[in-house]
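Working notes, structure below.
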Amino acid sequence: MADTALVLIIGGLSVFVGAIVQGAVGFGVGLVSAPVLTMLAPDLMPGAIQVVNVTLPLFTLAAEWRMVDWRGLGFGVLGRLPGGVLGAVIVVYVSVSVRGLFVAAMVLLAVALTARALSVPRNGVTVASAGFVSGITGTATGIGGPPMALVYQHAKGPQIRATLAMYFFLSAVLSMIMLAVVGELPARALMTGAALVVPMVLGFLVSGPLRRYLDGGRVRTAVLAVAAASALGLIVQNLIMHR
């Protein structure tokens, strides 16, 4: 019972903060919450965070669905399908710590390359490639936002949030199906994820002021900062777990 309470309290706080970030930037709940939940209850991951991932985008879409880049979304999902299959295989055969370090290294490299470039071309090839990588990391760790967010970093705030929301919703549904197929979606993970929806809703509701602030030309900086911070958090998490 104590372990469950710890997961719901500390994990719930991380989901609350992550929902604020995602409500403002377009992604972030997995980045903030997945490392925390993995430290608290690795046996519940990535199933628990996928329940949150499939729910939170619906709130963004309710307000900004008209801004979805449907063409880009199609390419992203096209890449996401094979990536998700590979991610499910990784969950079965690769340890949590190795998965976390892989994602952290990939995100930091992507941020470094993106920060040095004036722009990242957004076309069918780059979006599909981002979808493929996102499918791997999203299914394996619950963190699938950075690849797609980095491709869309130069879009306007509403388009980033709406497109990523639709993509994350579809991705989370696919990930949950694949995890269930390989036997990595226990009922306890689903129940914990359902309980974490409450702090998620609260976090989204208070994200409005931050969303308006970032829409004033600050979205790209926020995207890069959140992605880099999440990668560093994963590295720290793995160092702590293996001291």
Side-chain angles (χ1 to χ4, degrees), residues 1-64 100 103-104 107 137-138 141-146 149 157-158 160-162 164-169 171-172 175-176 188-215 218-219 221-234 236-237 240-241:
M1 181 65 70
D3 290 341
T4 300
L6 194 65
V7 170
L8 294 180
I9 294 172
I10 299 180
L13 180 61
S14 72
V15 168
F16 173 76
V17 174
I20 294 175
V21 174
Q22 181 155 324
V25 179
F27 76 114
V29 69
L31 299 175
V32 176
S33 306
V36 175
L37 291 170
T38 301
M39 284 189 285
L40 293 172
D43 58 310
L44 299 180
M45 292 294 288
I49 197 62
Q50 293 295 358
V51 177
V52 176
N53 286 341
V54 81
T55 309
L56 181 54
L58 299 177
F59 290 84
T60 298
L61 289 171
E64 299 181 312
V103 172
V107 172
T137 62
T141 69
I143 301 175
I160 293 177
R161 290 190 296 268
L164 292 185
M166 182 62 76
Y167 174 80
F168 291 154
F169 171 73
S171 295
S175 291
M176 292 178 74
R188 183 166 173 254
L190 293 174
M191 292 173 61
T192 301
L196 293 174
V197 168
V198 176
M200 179 214 76
V201 173
L202 296 176
F204 180 82
L205 291 177
V206 302
S207 68
L210 182 59
R211 182 163 59 246
R212 289 188 290 271
Y213 171 79
L214 292 175
D215 280 352
R218 303 176 180 89
V219 174
T221 300
V223 165
L224 295 178
V226 171
S230 69
L232 293 174
L234 279 171
V236 172
Q237 167 201 327
I240 293 174
M241 291 178 67

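All residue numbers in this chain count up from 1 along the given sequence.
Residues Pro199 and Ala195 approach most closely at CD-O, 3.5 Å, considering heavy atoms. Nearest heavy atoms, Ala162 versus Glu64: CB-O, 3.0 Å. Phe169 and Val54 make their closest contact through CD1-O, 3.3 Å (heavy atoms, listed as atom of the first residue, atom of the second, distance). Nearest heavy atom pair, residue Val36 against residue Gly11, reads CG1-CA, 4.5 Å.
Here the straight-line distance linking atom CG of Leu13 with atom OG of Ser33 works out to 9.0 Å at 0.5 Å rounding. Here Ile49 contributes atom CD1 and Leu37 contributes atom CG; the two are 5.5 Å apart, rounded to the nearest 0.5 Å. Atom-to-atom distance recorded for Met200:CE and Leu202:CG is 9.0 Å, nearest 0.5 angstrom. Between the OG atom in Ser207 and the CZ atom in Phe16 there is a gap of 9.5 Å [rounded to 0.5 Å]. Taking CG of Leu196 as the reference point, atom CG of Leu56 lies at 12.0 Å (rounded to 0.5 Å). A distance of 9.0 Å separates OG1 in Thr4 from CE in Met191, rounded to the nearest 0.5 Å.
Side-chain atoms of Gln22 come within 3.5 Å of backbone N or O of Val29 as a donor-acceptor pair. With hydrogens and angles disregarded, no donor-acceptor distance shorter than 3.5 Å links the side chain of Thr192 to the backbone of Ala189.
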| query | side chain to side chain contact (heavy atoms under 4.5 Å, CB included) between Thr60 and Phe204: does it pass, once the steps are laid out? | reply | CA-CA 9 Å; Thr60 298; Phe204 180 82; 3.5 Å; yes
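You'll find the side chain of Met176 reaches within 4.5 Å of the side chain of Leu190, heavy atoms only.
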